[in-house]
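Working notes, structure below.
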Number of protein chains: 4
Amino acid sequence: MAPRSKEENEIIRNKRKAEIILVALELFATNGYHSTSISAIAQKGGISKGLMYNYFKSKEDLLKEVLLFSYKKASDTLFEKMQAEIQYKSLKDAIKTVIEFFIEMMTENAHIWKLSISLSMQVTDMPDVQTIMSKIFSEAYLRIAFLLNPENPKTVEAEARIIAATLDGIALHYYVIGASYDLDAVKNKLIEDLTSKF
Amino acid sequence: MAPRSKEENEIIRNKRKAEIILVALELFATNGYHSTSISAIAQKGGISKGLMYNYFKSKEDLLKEVLLFSYKKASDTLFEKMQAEIQYKSLKDAIKTVIEFFIEMMTENAHIWKLSISLSMQVTDMPDVQTIMSKIFSEAYLRIAFLLNPENPKTVEAEARIIAATLDGIALHYYVIGASYDLDAVKNKLIEDLTSKF
Amino acid sequence: MAPRSKEENEIIRNKRKAEIILVALELFATNGYHSTSISAIAQKGGISKGLMYNYFKSKEDLLKEVLLFSYKKASDTLFEKMQAEIQYKSLKDAIKTVIEFFIEMMTENAHIWKLSISLSMQVTDMPDVQTIMSKIFSEAYLRIAFLLNPENPKTVEAEARIIAATLDGIALHYYVIGASYDLDAVKNKLIEDLTSKF
Amino acid sequence: MAPRSKEENEIIRNKRKAEIILVALELFATNGYHSTSISAIAQKGGISKGLMYNYFKSKEDLLKEVLLFSYKKASDTLFEKMQAEIQYKSLKDAIKTVIEFFIEMMTENAHIWKLSISLSMQVTDMPDVQTIMSKIFSEAYLRIAFLLNPENPKTVEAEARIIAATLDGIALHYYVIGASYDLDAVKNKLIEDLTSKF
DNA sequence: AATGAATGAGGCTTCATTCAT
DNA sequence: TATGAATGAAGCCTCATTCAT
């Protein structure tokens, strides 16, 4: 029983943290940040309350890591996958693909987005959260602008912001209205509008 | 000798309630619903904690009244005023006015909108709150659809939803990004886009 | 509209008090003393909370009046009525009548007795309540002893106490066990036992 | 380094719980359930309010544990000890012993009995409490009936109920009347009555 | 690394009682 | 006599966080 090496320890630690973050994400998203106790996360994660504070400085710190992780996950599943497909397509097809990907992601990851939006609307005592969200949105603009005009993205910045806003606005309404929101009609109309424009 | 008359009481009571609702709105919007204590509201409102429960059955009840009040206020300041101006204008001018009004309202009533968005993103055990928000959004679609096509609003429903989503999405991004969001550029671009389309 | 005379006022006042006491008795007995608020009593009694404190010094004072009233009522309905019947009967018949009356009263006024017993078991901060209950029980002994031996009641005091205890014990068990307590069997057996003894 | 072993924890935990239950019993019995705050129990027990809720789910849960503990204690001190003595005696001596034991126990454990009686007289939203008391009383009947007629306890059920009622009634009166109740006279008379009967 | 007992502050709510009218 | 607005203390309970082991 030789003691574990430092590297091994680090790996285990990170794996554990990742597991906890996943659990926390699920609980935060399902029940809300305030209604989820550290206790509940620890229990569902199979570790002790005390150990939680070894991994995360505080509940808010955990929240930040959850958000960052969510962002990373969203990036991985949305943009990277997207760009791979887009580069061989016409702009019209690319726009269509972006919209479809976005709608798919927003329905599948509703929990995460709801949580993120909710938190970023009430930030006074958590400036970091706002910073993170701000970065996420800004990066989205850039990617869209770059898609519309790879050579001169700056010139289409306002347009990119409007498109991003439209997409996020659709998500917002869909989340609020729920099942009775005719997402397909809106999606098709949006694709029609934008592909006819660019 | 005689107790205050019922009418007098009612008037005072309603005035007080209105004051408390305003205070609560500000605190909820600034710090979030969960992070705002009844105590804090009472203190800022200059009344005792106990009296709060004379006016509002519970914290959730207070929240509902805050939301309804906000909605009423938004209606009063946005749609009614707007419609009065619009009826003598061309569709293009009307669209321009709507956008300008919306942007103005969303910057001036940031509190309300942030709170509303935040709350409606939370998975709560407060179905009433969801219902209220859902109604508010739905009514907004109808008004926009009616503006675009007063005789056959149904035919432009998807379009109306997209416009509403774009506007709320802009609000969302503006709230998250903050001062560095170039709201004017986005506004002008949006006006240009929409007026050229209808 | 001449002002009401003092006597009239006094009469009205006492009538009101009596009404309130009745209401309080019902609520205390139904929901328990601690779970019944002054507010609830006032509301059900059709008067204001403030006026309650004109009639009764405090909640505890009201409780005392309720208990005294209950006792008076029990006396009126039990002993007086009882004695009238008993004086023309043999001792055996009298004992039978007493038992039957007691059982009847204890089932019909379960509320009051439960409340009285409950309160007299936890008296530290309400010595008056204990005093009242103590008087009630003592008077019951005397009456029973007098019944058994009108000329020399002192000599049957212990026996009288046992009989009183048995009756109250039956009530106690009946209240706790509820519907599944075979009250009739117990009653008949008790009548049999006691009539064969005296 | 290592956390305390599970067994150790369990032992400490149970010991602490037992201590708290004793404290709660005393306070509940002295001041009544409603008038005893969790705070007061925690303070007298030397632990923090918060920890109380680690041991007991709620105040009502604590009450239930107090009642069960009391019952167990009563069983241990009364019936078990009693039966050991009784089996070598005549019925008359056994009855005498039962009565003496009961009187002894009821004076020594006045706290417990007062609390139990008081609680079972209250119309509560705590059906469990009622159930517990009901069971306790029912079990007492059975034991007495078994004592009177071990081969056919059913045939003396009513008699057993009367005896149980008499004993509990004596306790009730003794608790209410207090020091001036001539317990010895009653006890002796009761022994005389019952031993001459069986 | 790991546990969970322990704390204490704070939250929501109720309610007896007082007081201006 | 009559009202009910107003208070403030108190109660139950939750939970993030710390700490001894």
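Computed from a prediction, not measured in an experiment: that's the story for all the values here. Proteins get letters first, then strands, A, B, ... in listed order; numbering begins at 1 in each.
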Within the pair [X] and [N], is there a side-chain N or O less than 4.0 Å away from OP1 or OP2?
| X | N | answer |
| --- | --- | --- |
| C/Tyr55 | F/dT1 | no |
| B/Asn54 | F/dA6 | no |
| A/Arg16 | E/dA2 | yes |
| A/Tyr53 | F/dT17 | yes |

Suppose we define a pair by two distances each less than 3.5 Å, Watson-Crick or G-U wobble; what does F/dA20 pair with here? E/dT3
Re F/dC12: Watson-Crick or G-U wobble partner, both distances kept under 3.5 Å, found to be E/dG11
Quick one: [X] [atom1] to [N] [atom2], roughly how many Å, whole number?
| X | N | atom1 | atom2 | value |
| --- | --- | --- | --- | --- |
| A/Leu51 | F/dT17 | CG | P | 15 Å |
| D/Leu27 | F/dG11 | CG | P | 12 Å |
| D/Ile20 | E/dA5 | CD1 | C1' | 13 Å |
| B/Leu63 | E/dT13 | CG | P | 12 Å |
| D/Ile12 | F/dA20 | CD1 | C1' | 11 Å |
| B/His34 | F/dT14 | NE2 | C1' | 13 Å |
| D/Glu10 | E/dA5 | CD | C1' | 13 Å |
| B/Phe56 | E/dT14 | CZ | P | 15 Å |

Sidechain-backbone polar pair: B/Ser120 side chain, A/Val176 backbone, donor-acceptor under 3.5 Å: no
Test your reading of the model: is there a side-chain donor-acceptor pair from B/Ser70 to the backbone of B/Ile112, 3.5 Å cut-off? no
Student check: side-chain heavy atoms of A/Met52 and A/Ile47 closer than 4.5 Å: yes
Check whether any side-chain heavy atom of A/Phe69 lies under 4.5 Å from a side-chain heavy atom of A/Leu22, and answer yes or no. yes
Taking the cut-offs as 6.0 angstrom to the six-membered ring centre and 45 degrees off its axis, would you call D/Lys59 and D/Tyr33 a cation-pi pair? yes
Within the 4.0 Å heavy-atom criterion, would you say [X] contacts the bases, only the backbone, or no part of the nucleic acid?
| X | value |
| --- | --- |
| A/Lys59 | sugar-phosphate |
| A/Thr36 | sugar-phosphate |
| D/Ser48 | base |

Mapping A/Ile38 and C/Arg13 onto DNA chain F by nearest heavy atom, which one lands closer to the 5' end? C/Arg13
Would you kindly compare A/Ser35 and D/Ser39 by the position of their nearest DNA chain F nucleotide and give the one closer to the 5′ end? D/Ser39
Does D/Lys49 make a side-chain donor-acceptor contact with the base of F/dG11, cut-off 3.5 Å? no
